[in-house]
Number of protein chains: 2
Amino acid sequence: MTEATQNKRLRAARSELLEEAEIGTVRNETLIQQRRQQICDAAVELFLEKGFAATTIRDICARSKVNQASIYDYVANKNDILRRVLNQLWFREDVPTLPEILLDRELPLEDAIARYFRESWRLKRKASLLAYRTIPHLPPEDRRAMRLREIAVMKDLADQLQGRLGLEDEDKRLEIVANVLVFLSAFAPMRDWLNRDIPDETLVRTLAAGATAMIRASVEGPMPGPAAEPAPEVATGPDTARHA
Amino acid sequence: MTEATQNKRLRAARSELLEEAEIGTVRNETLIQQRRQQICDAAVELFLEKGFAATTIRDICARSKVNQASIYDYVANKNDILRRVLNQLWFREDVPTLPEILLDRELPLEDAIARYFRESWRLKRKASLLAYRTIPHLPPEDRRAMRLREIAVMKDLADQLQGRLGLEDEDKRLEIVANVLVFLSAFAPMRDWLNRDIPDETLVRTLAAGATAMIRASVEGPMPGPAAEPAPEVATGPDTARHA
DNA sequence: CGGCCATCCTGACAAATGTCCGGTTTGAAC
DNA sequence: GTTCAAACCGGACATTTGTCAGGATGGCCG
């Protein structure tokens, strides 16, 4: 791990959390933290079970054992709960991103990827599901924050891969591959209703091997260009319009 | 394309649609079809924009220009609309599945995959997004129908790949790879808020090349077994509990 | 014991929602 | 022009929702 690489500031490290509201009434700071934790814990479970919009404040109160009126002493409103939950789970810093793992140049690519998948699936299961499902319920500025974070991670990853593969020039295809890798880190949570009888570690190693091959293969040969394909049938993106 | 292969009944072909309700009042069958189409078209747009739970019947009526009372002459209720929409988009039969494409043994693997991605992204954008997002809102029996369909496609795909790769025995890893391929067919729709400046065909060819390499790499070497990794932190699956 | 203040919670409000009753309009057949 | 069923729709229902005002409660200090 050369000094230059190690010291390289990762763009993603600068990404910001979603803004949380301030509340006025309750004073005891530790109590606030505790109640908020109760609320968020219950909320995550419910959001995953029923979806954000179908979860009511009453549901959250019942499960978190916080009174229906009191809850507004600890969170500003329903959307504030979602923001806090995402800050805790999606933006958590104890789960390394792949570009961070790749800073260790001693670690072979495949092992790095395996570690990335393993940790993501172990610690960010809920976060991945939640993020992909609740994005439409976020106000535009919050969506933007999440998108910026994702883009930063992807760019970092593309940089790291470029170094690993010993490529001189930027290659657009590396961004595609980076995107896929991040996408695959949500694979197990999003699809764990299938393949249930396969041990997690088999999944990790198989996918890491496959992903490594994919990376290497992706930058071989000439860059494929757009062909004479007709335009897409639909224009609707998940949250931001693609062809706006 | 040998006769045996060509005639092989694909499991997925037998999968069933979600059950649609019967309504009594209106008689004119073509009118019913037309109104239902208006309703479903509006509903898809709205479900993608705001999510199922956040979309109101009034929204759908406004956009489809069907009266709030009349809508119940054409669909049974809000959930019936979702079922009809999914039947139209998710279970549509004019978009080939990868196992179907692979029946043509003349077509090289990479080209088959490229075609699969291209067609899926062109024609099933909305369907992929909708399916991944609305599953929590479906009643258990409908979730089950969708899961069965997915599993059938995956098994078919694993079979086809086994043949292509000239493998004798079943390999669990082929199921993982099959799962990933299906997952990747939702890649562009689910993540098209990123990588927007990359032409679709570049995306298709790059990912097809990568996926092909992934398939080949996945079944090389010994089957990786479970290692001494700690258990997952969380147990919550997307819709059906993983460790119930 | 009594006062005081942080915390909790009963009960309510207005707004929104899924659903549909029962009347009104339409248009084709005679 | 009359008739009559088919299709439409204004307006309302019971319920649920997010939110909160204002009183009840409880524990600490004197």
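As the structure is a computational prediction, the values presented were derived from the model and not from experiment. Proteins get letters first, then strands, A, B, ... in listed order; numbering begins at 1 in each.
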ask   = Between Phe183(B) and Phe183(A), how do the two ring planes meet: parallel, tilted or perpendicular, split at 30° and 60°?
value = parallel
query = Relative to the 5' end of DNA chain C, which residue comes earlier, Thr56(B) or Asn67(B), by the nucleotide with the nearest heavy atom?
reply = Thr56(B)
query = Taking only residues two or more places apart in sequence, or in another chain, which ones meet Arg63(B) in a salt bridge (charged side-chain N to carboxylate O under 4.0 Å, His left out)?
reply = Glu45(B), Glu49(B)
request  = Round to the nearest Å and state the distance from Gln68(A) atom CD to dG11(C) atom P.
outcome  = 13 Å
ask   = Does dC20(D) have OP1 or OP2 sitting under 4.0 Å from an N or O in the side chain of Tyr72(A)?
value = no
query = Taking all atoms of both residues into account, what is the closest heavy-atom pair of Leu129(A) and Pro189(A), and its distance?
reply = CD2-O, 3.6 Å
key: OP1 or OP2 of dC8(D) under 4.0 Å from side-chain N/O of Tyr74(B)   = yes
request  = Rounded off to whole Å, could you give me the CD-to-C1' distance for the Gln34(A) and dT7(C) pair?
outcome  = 13 Å
Under 4.0 angstrom between Arg35(B) side-chain N/O and dA7(D) OP1 or OP2 = no
Asn77(A) CG to dC20(D) C1', straight-line distance once rounded to whole Å = 13 Å
message = Rounding to an integer number of Å, can you tell me how far Asp73(A) CG sits from dT10(C) P?
response = 14 Å
remark   = Atom CZ of Arg58(A) and atom C1' of dT19(D) are separated, to the nearest Å, by 9 Å
query = Looking at dC8(D), dT19(D), dC9(C), which one has an atom nearest to any side-chain atom of Ala69(A)?
reply = dC9(C)
query = Trp90(B) vs Tyr132(B) aromatic rings, parallel, tilted or perpendicular, using cut-offs 30° and 60°?
reply = perpendicular
remark   = Assign each of Lys65(B) and Ser70(A) the nucleotide of DNA chain D bearing its closest heavy atom; nearer the 5' end lies the nucleotide of Lys65(B)
inquiry  = Just the rounded figure in Å: distance from P of dT19(D) to CG of Asp59(A).
reply    = 14 Å
query = Between the side chains of Gln38(A) and Arg35(A), does any donor sit under 3.5 Å from an acceptor?
reply = yes
ask   = In whole angstrom, what separates Lys50(B)'s NZ from dA16(C)'s P?
value = 12 Å
ask   = Can you check the Ile71(A) CD1 to dG18(D) P distance for me, whole Å?
value = 10 Å
